[in-house]
Chemist: 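Let me give you the structure first, and then I'll get to my questions.
It should be emphasised that the depicted structure is a prediction, and the values quoted were computed from it without experimental measurement.
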Amino acid sequence: MDVSVVVVAVERGLRPWVSTIGSQSFEGDTFVLEPDPAATLVVCSQTKGAVVVGPRDRARYYTWRSARRTVVRLTPGRAQAVLDVPVDELAGRVVPLSELWGRSVGDEAELVSVLLDRVSSADPRRSDLVHAAARLLRTRGVAETARALDVSERHLRTLFTRAVGLSPKQYARVDRVRRVVARGGHGGWARLAAELGYYDQAHLSREFRATMGVPPGAYVSGHLPAASSC
């Protein structure tokens, strides 16, 4: 599948809450919905109204000839305040935004406007601990992250899972695999495993296959799992 992505500047008022906004166009047979530890808001030419795509720890493969969509990726740790719902209730799900906010949103401009209105009175400091944990988990284990934030592991798991939608361990695993996908095997799998904090190449391969459905080499070569209709 051919995918073109245009990254849109995030308005100042949304920067604590939104990590990226991107417009995507794609043509082809198989669309890969990568695993993502963040909740996203999506407006797509193939659907009516915006939807919330919850965090997910597995890739999904769909047949889609062509589509255009705008994706607003919420900052991990901040989504609960934006959506006003525990994010673990959305994990692995696609939910019409109207079910959460009581109104339909039809395009990117309207979505940004509604978001700005919703966060205008919100305080990002209330989610600072979970946001900090998400950053630390990129390079540290769960126990080390909890110590750095001066909380117990149990307390961190409870807060994190509710606010992010994945457990700290799931979050770290998905984040690593996403970085493997982004690198595409350049430089060799063993070297990449060492750079990204895997024990070894076999560890990378196991986590990649469990998350993406195929080994990393097969994925890079385009040998993907069977796709389902979207």
Chemist: Under a 4.0 Å threshold between the charged nitrogen and the carboxylate oxygen, would E110 count as salt-bridged to R103?
Modeler: yes
Chemist: Can you tell me how far apart CG (L149) and CD (E144) are? Round to the nearest 0.5 Å.
Modeler: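 The distance works out to 10.5 Å.
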Chemist: Taking atom CZ of R178 as the centre, report whether more than 12 heavy atoms of other residues, nucleotides or ligands fall under 6.0 Å from it.
Modeler: yes
Chemist: What is the distance from atom CG of L196 to atom CZ of R138, rounded to the nearest 0.5 Å?
Modeler: 9.0 Å
Chemist: What distance separates L41 CG from W101 CH2, expressed to the nearest 0.5 Å?
Modeler: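 That separation rounds to 5.5 Å.
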Chemist: Could you tell me if R78 and S127 have a donor-acceptor pair between their side chains, going purely by distance under 3.5 Å?
Modeler: yes
Chemist: Could you pull out the closest heavy-atom pair between R118 and V82, with the gap in Å?
Modeler: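 It is NE-O, 3.1 Å.
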Chemist: Can you measure from CG (L14) to OG (S120) and round to the nearest 0.5 angstrom?
Modeler: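 One finds 10.5 Å between CG of L14 and OG of S120.
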Chemist: Considering residues, nucleotides and ligands other than R191, do more than 12 of their heavy atoms fall under 6.0 Å from its CZ?
Modeler: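 No, the 6.0 Å shell around CZ holds no more than 12 heavy atoms from other groups.
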Chemist: Please say whether more than 12 non-hydrogen atoms of neighbouring residues, nucleotides or ligands are located less than 6.0 Å from CZ in R126.
Modeler: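 Check fails, neighbour count at 12 or below.
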Chemist: Examine distances only and state if a side-chain atom of S23 and a backbone atom of T70 form a donor-acceptor pair shorter than 3.5 Å.
Modeler: no
Chemist: For the side chain of S205 and the backbone of Q201, is there at least one donor-acceptor N/O pair under 3.5 Å apart?
Modeler: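 Side chain of S205 to backbone of Q201: a pair is present.
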Chemist: Testing the basics here: between L204 and W189, what is the closest heavy-atom pair and its distance to 0.1 Å?
Modeler: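 Minimum heavy-atom contact is CD1-O, 4.0 Å.
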Chemist: Quick one: do Y61 and V180 end up in the same hydrophobic cluster if we chain Ile, Leu, Val, Met, Phe, Trp and Tyr together by side-chain heavy atoms under 4.5 Å apart?
Modeler: yes
Chemist: Could you give the distance from CG (L137) to CD (Q170), rounded to the nearest 0.5 Å?
Modeler: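 So the CG of L137 and the CD of Q170 are separated by 12.0 Å.
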Chemist: Can you tell me if CG on D150 sees more than 12 non-hydrogen neighbours from other groups inside 6.0 Å?
Modeler: no
Chemist: Just how far is it from atom CZ of F160 to atom NZ of K169, taken to the nearest 0.5 Å?
Modeler: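 Result: 14.0 Å between the selected atoms.
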